Engineer: 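There's a structure below that I have some questions on.
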Amino acid sequence: MNPDEKHNKPVKAPRIADAQKVTVDRATREMIGRAQELGVETVFDRAENMKPCKIGVQGTCCKICGMGPCRLPQSKIDPDGTDNRKGLCGATANTIAARNFARMVAGGVAAHSDHGRNVAEIFLSAALKETDHYTIKDPIKLISIAGYLNVDTTVTVDGEIRDRDIDEIAIQVGEAALNEWGKVNGELLYLKRAPAPLYEKWKANGVLPRNIDREIVDIMHRTHMGVDQDYVNITKQCSRAALADGWGGSMLATDLQDVLFGTPFPLATEANLGIMKKDHVNIIVHGHEPALSEMIVAVSQSEKMLKYALQKGAKGIQLGGICCTANEVLQRHGVPAAGGFLQQELAIITGACDAMVVDVQCIFQNLANVAKCFHTKLITTNPMAKIEQDNVLHIEFDEHYAMQDAERIVKAAVDNFQNRGTEVMIPDQKATQIAGFSVEAVEYHLGGTFRGSFYTLNDNIINGRIRGIAGLVGCNNARTKHNENHLTVIKELIKNDVIVLSTGCNAIACAMAGLLTPESAAAYCGPGLAEVCETVGIPPVLHMGSCVDNSRLLLAASKVVEAGGLGTDISDLPLAGSAPEWMSEKAISIGHYFVSSGVYTVFGYGIPTSGAPVFHDHLGAGMEKLYGGMWDIVTDPIEHARRMIAHINKKRKALGIDKARERVLVGMSDRQALGA
Ligand code: MSK
C-alpha cells in the first residue's frame, strides 16, 4: 500500500468484483475471472469502487443553474410529513425531481428519434437513387405504412385504379417521414395507429405530439431555471415527448428499417461469448444503428473477403454483435449475439476480437483502455460518437460510400488477425435462439398467410390458456446482478402462462439462457402456455428486436385490441410492461410511453424520483387516472413478476374472463359483444 501523503493514511487497493456475486451467466463469470487474472479492469470492478450518490438516486439534486447544485435529501422531510425543502430559487423537491426526470425522457427520446431521423435520411437517399448500396427490400411493408403517412398507393388513370410506381411511393414516404421531425402544423401522423379511445385520451389530456424535435426542445426549455414549476405540468410534457418517441421516432425507425433491410421473420442463431471462433477473424458490431452493419454483414460474407481472410491464415470471418446492433443484424440475418451491454469489455478480453466496430449509444469509453491491453482495433464510425484516445481508429460512415466504408473496416479486421497474442480465451458457452418476431411474423405464425391475425392469441387469452401478455425490455445495470432479474421475472411469468414479448438486452439475456426456443416451453411454462407454444411452434418468449423496436410492442398491443374480445383500449388488456435491469435514459422514455399508452409498467431498479414522494406518486396513481397505465418499482424479481400477474388478473376480471371455461370457438359477433 502507498501512503496517502496528505492525510497520512494508507491508500486502499481497489476492490475487485466477486464474479459469482455479480452475474448469473457462466461465460461472464469466466471472463471476469480472466480479466482479473490479466489485471484488466471491467465495469464489474468499477461498480465495487464507486457507489452512486445517495441524493442523485433520489432525483432531488438540482444542477440546472450556477447557484447549485442544490441537494434536497429525503431525510430532511419533517417526521410529520411536512416538506419544506427547497433550492436557492425556491424550487421544491417535486419540481426538481420532475425536471430531472423530464430531462431523462428528453435524452431517451432524442437518442431513439435521432437514430430514426438518420434512417429516414438514408431511406430517402435510397429512394432517390442517390446510393445504390441500399434498395427497397420489403415493398409490401412500404405499401402497408404509406397510408399512415398520407401517401397514396394507387392512382386513377382513365377511370381505372392502378398501382402506383413503387419508387414514387418510396420517395413520398421518405419525405413524409422526415417531415415528422420538424413539421410546423398538425400532429404526428402515426398517432392514429393507436386504438381510437387511446387517441381520444391523449387529445383530451393535451398531449398529442406536434413534431418529434419540438417536444424534446420543449422539455429542455421548460426545465431551464425558472420556467415550469408544476410537476403535473412537467409530467404532461414528458408524456407528449415520450409519445413522440414510441409512436413517432422509434416507430418510424422500425418501419423504415424493415422496408430497407427486410422485415424480420423467425430464424435460428446463437448467443453468448462462445459464438466467437479462435481460428476465424472475429468482428463485433456494437451500438444501435443497422445501416453500416448491414453492409458489414454483406462484405464479411463476400467471396473476395473470405479469400482474403484465408490468405491471412484465418479459416473464415465470424461476425457477432453486442447490444442492439446485435439485435438488428440478428433478426434479419441470423448473425449471433456475442452478448449484452455488460459483456462489451469481455468480448475484447477474449483476446480474439480482431475489431470492435461501434456506432452510437451504450458504448463504454473504457473499451479504449481494454483494447489497449490486446490487439483489438476499436473502430468508431459515427461523427457524433468519437472516443478521445490514440488507439481508436475512426472510419466515418457515409451512406453514399457504404460498401467502401464496410470494406475498409472488414479489411482492417482481417489484417489485424495476424497480430493476435497468445492470450486467447473464448468461453465455450453459447445457446441456440429463435429470433425475429416482427408483428407481421407473429400474425403469420398465428394465422398463416391467408388468415394472418391476432385472433388465435385473443382466443387463447379468452379461454384462459394464456393468462396475459408481458412486454419485457431494457438493459443490464451494474448495480444489479447481471441477468438475474431478467431471467427470474420471465421464468415466473411464463410459469404462470403469461406470454412474453422481449426486446433489447432483455432478449439477449433470454437467448443466452435458452428461453428463446420452442422447446423451452415444455421446461418452463405453465400447461396452458406450453400447449399453445407447442401447437403453434413458437417460444414462450418472442424476441421482437432492438430498443427502437419497442414500437413493435405498441403495435402488437394495438393489434390485440383490434382483434376483439379484450376491450377497446390498450389499458383494458391483460398486459403489463417491465424493465427489470434498466439503466439508460431511453428506458425512461420507453417506460413513460408505455405508461402514457395505458400499460402498467414495473421497473426493477429504482427510478430517480423517490426523494420527491408526491411527484413519485403522481407517476403511479396520477398517471393511471389519466391514461390507465402507471409506473411501479419493485426490486425483488419474484414480487415484480407477481405484481404484473396480479395486474393481468385484475384486467381479466374486469373483462369477465377470469373464470376457467371450456374452449369454445369464438366468432366475430362474440368478440364484438365481449369488447363492447
Ligand atoms: S442496448 S439501451 S443497454 S437494452 Fe439497446 Fe441494451 Fe439498454 Fe443499451
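Heavy atoms only: backbone and side chains are in, while hydrogens, waters and symmetry mates are out. Atoms within a ligand are numbered from 1 in the order they appear, just like the ligands themselves. Since this is a predicted model, take the numbers as computed values, not measurements. Numbering starts at 1 and runs along the sequence shown.
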Engineer: With a 4.5 Å heavy-atom cut-off, do V285 and V335 have their side chains touching?
Structural biologist: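 Side-chain contact under 4.5 Å: no.
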Engineer: Number the atoms of ligand 1 from 1 as they appear, then name those within less than 4.0 Å of a heavy atom of M583, with their elements.
Structural biologist: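 Those atoms are 3 (S).
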Engineer: Looking at E41, E345, Q389, which hits side chain to side chain donor-acceptor pair (under 3.5 Å) with N369?
Structural biologist: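 Considering E41, E345, Q389, a side chain to side chain donor-acceptor pair (under 3.5 Å) with N369 is found only for Q389.
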Engineer: Check this for me, if you would: do R117 and E121 make a salt bridge, where the nitrogen-to-carboxylate-oxygen distance has to be below 4.0 angstrom?
Structural biologist: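 Here R117 does not pair with E121 in a salt bridge, since their nearest N and O are not under 4.0 Å apart.
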Engineer: Quick check: are there more than 12 heavy atoms from other residues, nucleotides or ligands sitting under 6.0 Å from OH of Y524?
Structural biologist: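 Open: at most 12 neighbouring heavy atoms sit under 6.0 Å from OH of Y524.
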Engineer: When you compare the side chain of T223 with that of Q237, does any pair of heavy atoms fall below 4.5 Å?
Structural biologist: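 Q237 vs T223: side chains apart.
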Engineer: Is Q361 touching ligand 1 with its side chain, its backbone, both, or neither, if touching means heavy atoms under 4.0 Å apart?
Structural biologist: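 Under 4.0 Å from ligand 1, Q361 contributes no heavy atoms.
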Engineer: With no hydrogens and no angle check, just 3.5 Å: does a side-chain donor-acceptor pair link S578 and H640?
Structural biologist: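 Side chains of S578 and H640: pair found under 3.5 Å.
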Engineer: Would you please classify the geometry between the H647 ring and the Y600 ring as parallel, tilted or perpendicular, with 30° and 60° separating the classes?
Structural biologist: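 Parallel: the ring planes of Y600 and H647 meet at under 30°.
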Engineer: Which protein N, O or S atoms sit under 2.8 Å from atom 6 (Fe) of ligand 1?
Structural biologist: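 C505 SG, with waters left out.
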Engineer: At what distance is the nearest protein heavy atom to atom 1 (S) of ligand 1, and which residue and atom is it?
Structural biologist: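 Going atom by atom, the protein heavy atom closest to atom 1 (S) of ligand 1 ends up being H288 NE2, 3.2 Å.
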